[in-house]
Amino acid sequence: MKRKEILGRLIGEVTNFLLEGNPLRMVVSLHQEDDGAHLSFFDDQKRSDAEIQKINKALHPKQSRPELAEYYGLMAGHDVTWDARLQLIGWQIKQATVSNSDSGLRIDLWLGSDAFNPEQFTINKD
Amino acid sequence: MERSERTLYVLLATLIVLLFLTGLIIEGPITVLTNVVLLQTKGARLISDFTLYGVGTAMVNAASVGALGLLLAYLTSVSLSGPTVAAIVTMLGFSFFGNTVLNCLPIIGGVWIASRLARKKFGSYSLIALFGTALGPLVTYIMFSINLPYFISIPLGILAGLVAGFLLPASAGAMLQLHQGYNLYNVGFSCGFLGLFASSLLIAAGKMEGLSVEWNEQFSLALFLIIPVFSLMLIASAMILEKPKTSIKGFLAIQKMPGRLPSDFFDTGYTGGTFLNIGLLGLLSWLYLVAVGAPINGPTVGAMFTVIAFGGFGKTLKNTFPVVLGVILSTLVFGKSLTDPGPLLATLFSTTLAPIAGQFGFVAGILAGFLHLVMVEVTGSWHGGLDLYNNGFAGGLTATLFVAILQWYKTNRPEEDFNS
């Protein structure tokens, strides 16, 4: 149940963000393992380098903030009326990549327990 | 440890040491020690001005609670930044009128038990533990004010604190969803909610006494100078850490932020600007009190410290001004005095609603402040003064109403429907 809850929050917040761009197409893909999960989001809206950098910054906090993740992170994905706040999920994930795919924006998120093994997933090494 | 974090450690440690030494010098170590022990045995419900027991005593009490908060942050390896500073300085401020080391510890213990049960590190719940000390009076009121033998009332007070602390992570998370981060004192909102149940239980048991206001009106130079001195230290830090021009630029950039929870201004990279924002908030709060001729006592010093506390975590000059103006207007419209305890404290504490002005604009901020005063004047009696952050409780209710209305409006705009 806990896993379902956190996945729901993350999917909710990222889709809220993507829907702000009013895409005509959006895809969410999930790959789960015992100790972690990989979420991919695609839409049909290409973003500028500056926008990608901004998204990257929001998803990559300067340092681990467990006190914010466990408390304020609960707001992630809960409310889609207002602007999305990607930093709410930046504290809760292990890794994120943001890029323009052939069709539009692509956001990849990896999350998992302390036993999370990134080798089982396709995290970019660079 | 980053430079801004090191500076924060130095500033907070300096504040704590200054309060401790000033307190000792003013009243002498023996008197202070005796009075601080005596303070631990006070019920400490709203509004209990600890400076009535001695300004030095209140200062040493505040220093000890501040040191407890700082130690907790250090031991749990939580980074000292906007949210943590907000929690520690708020605790310290409320130790001028309610918090003591004794009434903080059981609450913190309860949150620790909840963290163990949820298999999380205590650091994850550290903010809830620190802010949760708002329910401190629940502990000491049961321990010393309900006329039971101490061998029953003291364990009962500890148990009540542990249970309240244990329930806080669950209720704080739920309360956050109600106002979506537009009430900065969210744990105060949660504590008020829990306080309603605690107060009702005490009323049912015939153990709840009416509220009274203990309010010191005597002038004390030490109290008068605390806030401007600390504010100037913060402004000086802003000018030392970065070039003045950079700090001012950062300060102006921060003013554009709505301040909705969780907005850690230290994370924005505008370190000097954040220190400048905090310092100016403190200084202007103090100037307002001086201008209206309000007493600088325990509760007002506590309120100013709380404004300072959130200067790195949601409050800016721009988003606090409309809310404060709203409270002032409400005070005048309803024929109250700006220097009465309720309106005066509400003016400073109403800044909990600053994100409403930051997000929805000047008029929304004024309306929120106007409504806040009306609410806060009655909510204290609902929880029997057991929640020190009464303005956080009232602010949570106001923010929830605003968010509900604005959400309804935003989700029912026909121009954004699918074409039929």
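Chain A is the first sequence line, chain B the second, and so forth, proteins listed ahead of strands; every chain is numbered from 1. Worth saying up front: this structure is predicted, and the values here are computed from it rather than measured.
There is no contact between B/Y409 and chain A, counting heavy-atom distances below 4.5 Å.
B/F310 and B/F131 have parallel rings, their planes meeting at less than 30° on a 0 to 90° scale where 60° marks the start of perpendicular. Classified by interplanar angle (parallel below 30°, tilted 30° to 60°, perpendicular above 60°), the ring pair B/F189/B/F393 is tilted.
Atom-to-atom distance recorded for B/Y270:OH and B/K249:NZ is 8.0 Å, nearest 0.5 angstrom.
With respect to A/E5 and A/R3, no salt bridge is recorded, no charged nitrogen being found less than 4.0 Å from a carboxylate O.
Chosen from B/P83, B/S126, B/S77, the residue pairing most often with chain A at heavy-atom distances under 4.5 Å is B/P83. Between chain A and the residues B/L176, B/I128, B/V78, B/D264, the most heavy-atom pairs under 4.5 angstrom are made by B/L176. By number of non-hydrogen pairs under 4.5 angstrom with chain A, the leading residue of B/L406, B/T84, B/T76 is B/L406.
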